[in-house]
Structures are given as C-alpha cells and as structure tokens.
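Step one of this worksheet: look at the structure below.
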Amino acid sequence: MNLLNELRSLFEPALLAVGADPAKVPDYLGMVKPSADAKHGDYQANFAMPLAKVLGKKPPEVAKEIIDATPTDGVIEPPTVAGPGFINLKLTDAWIAEQVQTIAASDRLGVAMAATPKTFVIDYSGPNVAKPLHVGHLRSTIIGDALVRLLRFLGHTVVGDNHLGDWGTQFGMLIYGYRTFLNKEAYKSDPVRELARLYVLVRNVGGTIDILSNAFTNFRDQAAFEADPVAELTRLYVNGLKRAKGSDDDDDEAKGPFVNPVADAYRRETAKLHAGDADNLKLWQEFMPACMEEIHKVYRQLDILPMDHELGESFYQPMLAGVVEELQAKGVSETGDGGSVIIRFGENNVALIRKRDGAFTYTTTDLATIKHRIATWKPDAVLYVVDFRQGHHFKNLFTAAERWGFSGVEFNHVSFGSVLGKDGKPLKTRDGGVPELSTLLDRAVELGGHLFELIHWQRAAMGHDVPKWDEISDAEKQEIARVVGIGAVKYADLSQSRTSDYRFDFDKMLATNGNTATYMQYAYARCRSIFRKGNADEKAFRTRPPKVLLTHPAERALAVQLLKFEEVLSNAAAEYLPHYITQYLWDVAKAFSGFFEGCPVLTAGSEELKASRLLLTDLTARTIQTALGLLGIRTVERM
Ligand code: ARG
C-alpha cells in the first residue's frame, strides 16, 4: 500500500470538481507530501495556493472547497487549513492500526507489485579485466546490485549485465609481460597473482616515459621550457600523471609520437590480438578464466547477486564492422579524416567509431551492445551504472542510439560520484597507489569482527543479556564479522546521495550510533532478542496478527513509519536512488528507538497491549531486514 498514493487519490475527484487543470497547475497531486513537521500532521497538501491563482480565488477559500468535497473515508481526520492555505492531513489512529495489522500478514510487508511491470537491463560493475579491482569499482557494483534487487522486488523483470572491459590494452600488456618477464613457477602456483604482478610491472616500465613524451608533445610551454627545462619537465610529468590516473581510457590516439619501446611493444600485442593473431588469442583465452575468478572472488566477498550475463567487450567484436556499416548506410555517422568514421553531435563534439587504422572504439562497442540488448531482451529501459566522468560519452551514445532508431527505450546514465579518502582527496595507499578492493574489504571484515567483540564485552560489563563469548562458535563470529564489515562499507556508500562524492572512512561507517549498517543491524538483533527473551513465536504475528493498539505517541509514530515502506521503495525505484531507502531505515530506527524507550513490550500492562507491541517489534525487524536486504546487506539473529 502506497500511503502517498492513497491520499492523492482521495483528493483527486475534489480537485477535478473545483476545476484543477493539469495544463495550468502541473502536477498538483504531487503537492501532497509528507509533512515537513510532524506537529502539523502526517502529510500536507499545498495545491490550494497555485490553484487559487488560476481560479482567481483566495487560497483558504479554495482549500475549504476542496476539503468539503473530499471524503475522509476514515483514512484521515477532517483536514485543517493553516497559514496561507496549507492543508494539514492527519491519518486516523483506527486506520493506521488496521493497516498495520493487514501488512503484518503480508509476506511482502504490504508492498504491492508494480501495476505495469517493465523490463530493465542494468549495466553495472563492468571492470576492466586483468587489472585488480580497485575502490573505483565499488560504487557501480553495489549500486547496480541494489537496483537489481529493488526493481525485482517491485515485480519488474531485470536483466543484470556486466559489461566487462575484456578486450583492451591491458591484454596487450599481459601478453607482452608474459612473453618477457614471466616467472613460470609463480604462474603455475598462483596465476592470478603472477598476472597481476606482470600487469603492474608492464604498466610501470611502459608508463613513465610515455606519459612524459605525450605531455611534452602536447602541453609544453615552450618559453617556460627554455627558461627552466627541469622545472617545466617536472610540471608536465606531474600533470601527465594526473591525467593518466584520472581516466581509465585506453584510447591511444591522443598520445604523442615519442613512444616508450615497452609501450610500443605492448600496443603491438594488443593490435595483433584484435586482428585475430592465433597465438595472442590463445593467451587471451588462457588468461581470462583466472582474471574472472579473481573478479568473482571480490563479488562473493561483497555479497553481490550472481550476474545474469557477463557479455564483455570481446563478445561484441565480431559485430563492430557491421555496426559501422549500418550507421554509415543510415547516415547516422560520416567519414572523417584519413578514412576514420565519426558521429557528429555538434561543431566540437564528435565521437570516433572507427579509427584511421581501422580499429574500433569504446563507443562502437557500446553501440553494438545497445543493438544486441534491445534485440535480445526488448527492454523498456537500459540503465548504465557508471562513474560521472563518463557523462559526456553516454549523452552522445544515447543521442546516437536515438538517431539509429532506438527510440521509445529509456536510456539512463545512473551516474555516481567518487570515493575519496578521509582527507577529501583521492583514496591512496601508503605507497601512493589506488587501494585494491579486496584488501579494503578484508580490512572491513577484520574491523567488523573487532567491533563486534568490543561491543560484546561492553554489553557484558553493563550486565546486558549476551551469550558467553566462548559459547559463540568461531563460524558464527566470522559470519558476524563479515555481515558487519561488508554491510558497513555498502551502507556507507548507498546512504550517500548517488551523485555526490563521499569519504571512505572506516570509523564513520562502523559507528554504532547514527545512520550506519551497524546501527540498523543492532536494531534488528535487538528486536529479535525481545522475542527470544519473551519466548514468543514470531510466526503467530504473521499468520494471525493481533489487533494493533496505539496507546502511546511512540507507537503511533512507529506504525506510521512502517506503513511508508512501499511509498519509499517506489520513490527510490523511480529515481534510482538507493539512499531513499537508507533515509527511511534511519527514520524507522529512530521511531523504534522512541518506541523501545517509551513502551515496555514484554511487561506491557495487558496481554492485548503486549501482543500489539510484539507485532510492532516483529514488523520493525522484518522491515529493517527487508530494506537492508534490498541494499544487499545482511542481518544476523544476535549480535
Ligand atoms: N569498463 C568501463 C570502465 O571501466 C565501464 C563500462 C561501463 N559500461 C558501458 N556499457 N560502457 O570505464
């Protein structure tokens, strides 16, 4: 049950009757909103002011007219008008109680399936294979995973597709590294480690001069160079390094003519691979499973749902020539300099889809991918959960897709900001590199374990009812450490507005107070412990929920929050914003905390009241667990 929609539909007939015209007052139903201040009610309707303008009447007059023509249906108390014409709406206690009892009996907590289910393709994670996953891959992977879970829960068909970068320069590096620097023993015993070592080695020996030569050719300040060559070279080098770090783009055309011999060699290996060289292709096939195993290991660590498809860039290679031909034939693209093929979007805005040397680009692959996805899955929407830096690429891509004839499909770049260090600068390891994701996650689990142990002893010292430390098995401790540590990392990320940057800070994400996973997981465990302590069977509260009594403001406040679940999920799904769910969790947890303090459960004054409070406790636990679950975060029964 979507609370907001219930209220909106209550008002709709009356609005039409007074002459509300969507052409003149757009989205007047959208002006029914949760109340900014609970003192004034649960919701408020702000449409009287703009309507009055259109109708040439006074706002309070219009407000009164609408109220008089709106049936309260037992859902709301008779509305009141405040200030310049705000209509305050308060749900009736009887209706709240009845609805809570109803959703307690629902295994979906009253959340309806989407009335018009859609098919979504979600493009997420998409790491460049053969480089170790780093913290930059975190956001796409967990935001994408959360959207898959959420949209599926709401009844949509979701196809998750991992658009792997499995055909780029990095394989030329591996092939070159394998032929030049391989440690056979190491490769035999741990191929993934050895490949990672080769990758880093080749990148380093192939990188430095390369960066400098490019910067020297393209960005040199000649006067500065003549005045002080060393200073100018240093400046160029530093800026070049920054540019190289800032993007994952391996389009080599921009690079200057002075080429590092190692870089030259590995690029030739890449070109040979792309041209179908049998030996290089064989090596590529040999490397891929090990690389994928490494990536899947991190996904398992992260508790990511298995992906439906992992059709990487290599999958589309055979289609690229055909795609360019088709785009040329349809006049979507045109011939550029030296036989290249481009798509023009503006005077200074073109995308290259075939280079002079015949090579295809990231854009060509993405166009082929669109065609394949639409032909295969016939989606209503394709979502790209990708870093904000690729905004320009996607804007052009979607324009090209439309010109190509793929209209009527929602293409959406679900963009996100960067993960920064505690100091607000790009996250770095002590030696200046980008931290590997698996190292960070291991650390999170370790800290999760420490936190659990710390709190355990604190609670024991305070006389709380906790199990003896030695009686908790190692397996359970390990499980709790994982649930707490990984949950903390994911929640910290998902609770940020997607488009903002955020600071990766273990202290904050593992705080036991505040809007963190740890806090929610404890709230859940606390609900469960009430049931254990009271020897109550939660199943009874789900199959035959007792009558709900709202005798205390904290009970009412909690009950209203629990009824908002569907409204929140549908808002989060409409804007692809998981942080609406964490905001909601925070509201639920605060309401529960008020309830827990103000309303004794097991020692309530009567059996009826105790039953009602147990129901609220159980429904809180289920709501927290389900909401966390939609974010890909787990709970444990006791902590
Ligand atoms: N592999 C790309 C990168 O690391 C991300 C892929 C995003 N998806 C896409 N269809 N382009 O930058």
Side-chain angles (χ1 to χ4, degrees), residues 120-145 147-148 159-173 199 203 243-252 254 270 288 291-292 294-295 298-299 304 307-317 319-320 323 343 351-353 360-374 376-377 379 381-401 404 406 409-419 434 436-437 498 576:
F120 288 89
V121 171
I122 306 189
D123 178 317
Y124 64 116
S125 198
N128 293 332
V129 177
K131 309 182 194 179
L133 292 197
H134 59 80
V135 67
H137 295 108
L138 186 67
R139 299 207 78 182
S140 175
T141 308
I142 65 186
I143 295 171
D145 182 64
L147 293 178
V148 170
V159 180
D161 188 12
N162 189 2
H163 192 75
L164 299 162
D166 59 358
W167 199 239
T169 317
Q170 70 271 29
F171 281 99
M173 292 174 150
Y199 169 74
R203 191 192 55 191
R243 263 194 309 281
K245 287 257 164 65
S247 84
D248 229 3
D249 191 0
D250 50 24
D251 178 0
D252 295 331
T270 313
M288 272 301 281
C291 296
M292 289 314 295
E294 177 78 353
I295 290 172
V298 179
Y299 291 163
I304 294 300
M307 289 168 180
D308 299 316
H309 300 278
E310 299 197 292
L311 301 178
E313 294 177 2
S314 64
F315 174 78
Y316 296 98
Q317 292 313 301
M319 309 171 198
L320 300 184
V323 164
I343 304 181
L352 197 58
I353 58 169
F360 302 105
T361 66
Y362 187 54
T363 306
T364 330
T365 311
D366 255 333
L367 286 163
T369 308
I370 287 179
K371 184 175 174 177
H372 176 80
R373 284 177 176 161
I374 292 182
T376 313
W377 298 304
V382 185
L383 312 182
Y384 295 81
V385 188
V386 184
D387 193 298
F388 76 100
R389 288 186 200 87
Q390 295 193 30
H392 183 67
H393 163 74
F394 284 113
K395 198 159 169 272
N396 283 346
L397 183 68
F398 302 161
T399 309
W404 194 3
F406 296 115
V409 178
E410 174 194 337
F411 292 104
N412 203 325
H413 177 199
V414 178
S415 167
F416 53 81
S418 307
V419 183
V434 188
E436 276 191 33
L437 193 48
R498 179 163 54 63
Y576 313 122

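Both ligands and their constituent atoms are indexed starting at 1 by order of listing. Every value quoted in this text rests on a predicted model; they were computed, and no experiment measured them.
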When the ring planes of His372 and Phe315 are compared, do they come out parallel, tilted or perpendicular, using 30° and 60° as the limits? perpendicular
Run the contact test for Thr369 against ligand 1 with a 4.0 Å cut-off on heavy atoms, strictly below, and give the result. no
Out of all atoms in ligand 1, which are within 4.0 Å of some heavy atom of Asp123? Include the element for each. 7 (C), 8 (N), 9 (C), 10 (N)
With a heavy-atom distance limit of 4.0 Å, tell me whether Asp387 approaches ligand 1 through its side chain, its backbone, both, or neither. neither
Counting heavy atoms only, name the option from Tyr384, Tyr124, Tyr362 that's nearest to atom 11 (N) of ligand 1. Tyr362
Applying side chain to side chain contact (heavy atoms under 4.5 Å, CB included) between Tyr124 and each of Val148, Asn162, Ile143, report the one that passes. Val148
Go through the steps to decide whether Leu397 and Ile370 satisfy the test side chain to side chain contact (heavy atoms under 4.5 Å, CB included), and finish with yes or no. CA-CA 9 Å; Leu397 183 68; Ile370 287 179; 3.9 Å; yes
Is there a polar contact, in the sense of an N or O pair closer than 3.5 Å, between His393 and ligand 1? no
Tell me whether ligand 1 is touched by His137 - counting only heavy atoms on the residue side and a distance under 4.0 Å. no
Does an N or O anywhere in Asn128 fall below 3.5 Å from an N or O of ligand 1? yes
Would you say Pro127 and ligand 1 have an N/O pair spaced under 3.5 Å apart? no
According to the interplanar angle, ranging from 0 to 90°, do the rings of Tyr384 and Phe394 count as parallel (below 30°), tilted (30 to 60°) or perpendicular (above 60°)? tilted
Find all atoms of ligand 1 within a distance of less than 4.0 Å from any non-hydrogen atom belonging to Asp366, and give their numbers and elements. 9 (C), 10 (N), 11 (N)
Between Arg498 (side chain only) and Tyr576 (backbone N and O only), is there a donor and an acceptor less than 3.5 Å apart? yes
Take Arg389 and Ser418, measure what side chain to side chain contact (heavy atoms under 4.5 Å, CB included) needs, and give me the verdict at the end. CA-CA 9 Å; Arg389 288 186 200 87; Ser418 307; 3.4 Å; yes
Which is it for Val382 and Phe398 under the side chain to side chain contact (heavy atoms under 4.5 Å, CB included) test, yes or no, and what are the steps along the way? CA-CA 10 Å; Val382 185; Phe398 302 161; over 6 Å; no
